[in-house]
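Computed from heavy atoms alone, side chains included, the values below leave out hydrogens, waters and symmetry copies. Both counts, for ligands and for their atoms, begin at 1 and track the order of listing. As the structure is a prediction and not an experimental result, all values here were calculated from the model.
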Amino acid sequence: MSKPDSLAQIGVVGLAVMGSNLARNFARNGHTVAVYNRSTARTDQLISDFGTTGNFLPSKTVKDFVATLERPRRAIIMVKAGPATDAVINELANEMDEGDIIIDGGNALYTDTIRREAEMSAKGIHFVGAGISGGEEGALNGPSIMPGGPAESYESLGPLLESIAAEVDGVPCVTHIGPDGAGHFVKMVHNGIEYADMQVIGEAYQLLRYAAGMEPAEIAEVFKNWNEGDLDSYLIEITAEVLSQVDAETGKPLIDVIVDAAGQKGTGRWTVKAALDLGIPVTGIGEAVFARGLSGAREQRNATIGNLPGGELTTLEALGVDRGQFVEDVRRALYASKLVAYAQGFDEIKAGSDENNWDIDPRDLATIWRGGCIIRAKFLDRIKEAYDTNPGVESLLLDPYFKGEMGDLVDSWRRVVILATQLGLPVPVFASSLSYYDSLRAERLPAALIQGQRDFFGAHTYERVDKPGAFHTLWSGDRTEIPS
Ligand code: 6PG
């Protein structure tokens, strides 16, 4: 290890893969990095493996770690979300002074971040909840970073984060998102969109495999091809990689030997819970979370697979569907459903921002999500343009560009949902996103009937289309209407 003679510009606490990769990224970019891990074995490992790649200052105690940081001290915590994070924050805060900055780079629940920020601010310490996306590779070579917390902390922190973030067109994929929990809220919704994005890709795969009868290697080629167009994105790119992988042990496509039960750490679920509280219908994200849950319901599936009536799986040929047209229709259904998921995610961010007075600029997100993060995609440029043109647009789908796209996609989307239904293949996000889209377009929704029912059993009253006020019908009396 080369011996730095100065203090560290930044410190990293928690040296599992994400933390050590982040520390290496800072070091590679010329910063002296203080590192600390509860068990010293990880610290020793980092220094022995990568100590020569930059300036690291390892410490065995939190006290020593804090002492190696230049002022204002800046320490990023990369530990498991929850009580472990609280424990580390308190240990650090005990050693720090006013004006120092603690950054939580984990996937914390934003309400925890709001609480922690208030606790730290009472001590004069800046607490920054920062969403960091890009997985292990991103942490090492350039993530997308979504810091919240006090704006003034960004003055000292921003340049450091900008030096390690991914860059697109010379613009670093990091910016101050807003106060207290804004950064973690935005990262949470990012992950919700990630869930929906992964699920729609999964639904497209399922259709190509079991409706069009294509093999994984062939489908990998289709995804590679799709990655050249509107769908150009990291998740489509890695899908092609996963589908072309062959299992060394069996010689089968790897996809066929992976158990079809999706895991989840909870950020998708949080996105949906928060959306429910905010009253924002994030139906695509919701269905994606439920689809993961259903996939993992092993006992229930063991009992139901092959044991529920529903008709035999028929073929495209039997239905007279052209395979080439079908593949293109699936691409369009995927794209349309994906646009809905982004539109819903941005709606949730707007609602969260309004509710918490965060003043989040959606253009910032469209900019910093273009690189580094898991949902990076070419069409984010279009989202930025949409908000540039009309910052108050009621739904991204109403932006002229996306409206035009929807016009091109909607017929294919309908065909795919109809066909999947006929074939008995599940497409929860394709179908629910289409219903969401049609609900937005509908002149009349059945909500009028729901109001009538509510008034019938609970005298909850209703409004009329032709005059102001609230009304109640005397359902169990003579059924006249009275103002309420
Ligand atoms: C990212 C990822 C990352 C992680 C999530 C998702 O943006 O880099 O979202 O945060 O992969 O924890 O994990 P689950 O699928 O397990 O919820």
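- Counting only heavy atoms of the protein, atom 12 (O) of ligand 1 lies nearest to Asn107 ND2, 3.4 Å.
- Taking every heavy atom of Lys265 and a limit of under 4.0 angstrom, the matching atoms of ligand 1 come to 12 (O), 13 (O), 14 (P), 16 (O), 17 (O).
- Taking the six-membered ring for Trp and the full ring otherwise, the centers of Trp369 and Phe346 sit less than 6.0 Å from each other.
- No donor-acceptor distance shorter than 3.5 angstrom exists from the side chain of Ser353 to the backbone of Ile349, with no hydrogens or angles considered.
- Close contacts between ligand 1 and Ile374 involve ligand atoms 1 (C), 2 (C), 7 (O), 8 (O) [criterion: under 4.0 Å to a heavy atom].
- Here the protein heavy atom with the shortest distance to atom 7 (O) of ligand 1 is Ser133 OG, 2.5 Å.
- A distance of 6.0 Å or more separates the ring centres of Phe50 and Phe56.
- Residue Arg292 touches ligand 1 through its side chain alone, judged by heavy-atom distances below 4.0 Å.
- The pair Asp329-Arg332 does not meet the salt-bridge criterion, since no charged nitrogen lies less than 4.0 angstrom from a carboxylate oxygen.
- A cation-pi arrangement is not found for Arg363 relative to Tyr387, the charged atom failing to lie both closer than 6.0 Å to the ring centre and inside a 45° cone about the ring normal.
- A cation-pi arrangement is present between Arg292 and Tyr195 under the rule of less than 6.0 angstrom and at most 45 degrees off the ring axis.
- Under the 4.0 angstrom criterion for non-hydrogen atoms, Gly135 is in contact with ligand 1.
- Among protein heavy atoms, atom 9 (O) of ligand 1 sits closest to Glu194 OE1, 2.6 Å.
- Within the listing of ligand 1, atoms 5 (C), 6 (C), 7 (O), 9 (O), 10 (O) sit less than 4.0 angstrom from a heavy atom of Asn191.
- Side-chain atoms of Glu218 come within 3.5 Å of backbone N or O of Glu215 as a donor-acceptor pair.
- Residue contact check for ligand 1: Lys187 places a non-hydrogen atom closer than 4.0 Å to it.
- For Glu91 and Tyr36, the side-chain atoms include no donor-acceptor pair closer than 3.5 Å.
- In the vicinity of Gly134, heavy-atom distances shorter than 4.0 Å reach the ligand 1 atoms 1 (C), 7 (O), 8 (O).
- The shortest N/O to N/O separation between Gln264 and ligand 1 does not fall below 3.5 Å.
- Per-residue contacts place His190 under 4.0 angstrom from the following atoms of ligand 1 (heavy atoms of the residue considered): 7 (O).
- Ranking protein heavy atoms by distance to atom 17 (O) of ligand 1, first place goes to Tyr195 OH, 2.5 Å.
- The two atoms that bring Tyr154 and Glu162 nearest to each other are OH-OE2, 3.0 Å, heavy atoms only.
- Using 4.0 Å as the threshold, Cys373 has no heavy atom nearer than that to any atom of ligand 1.
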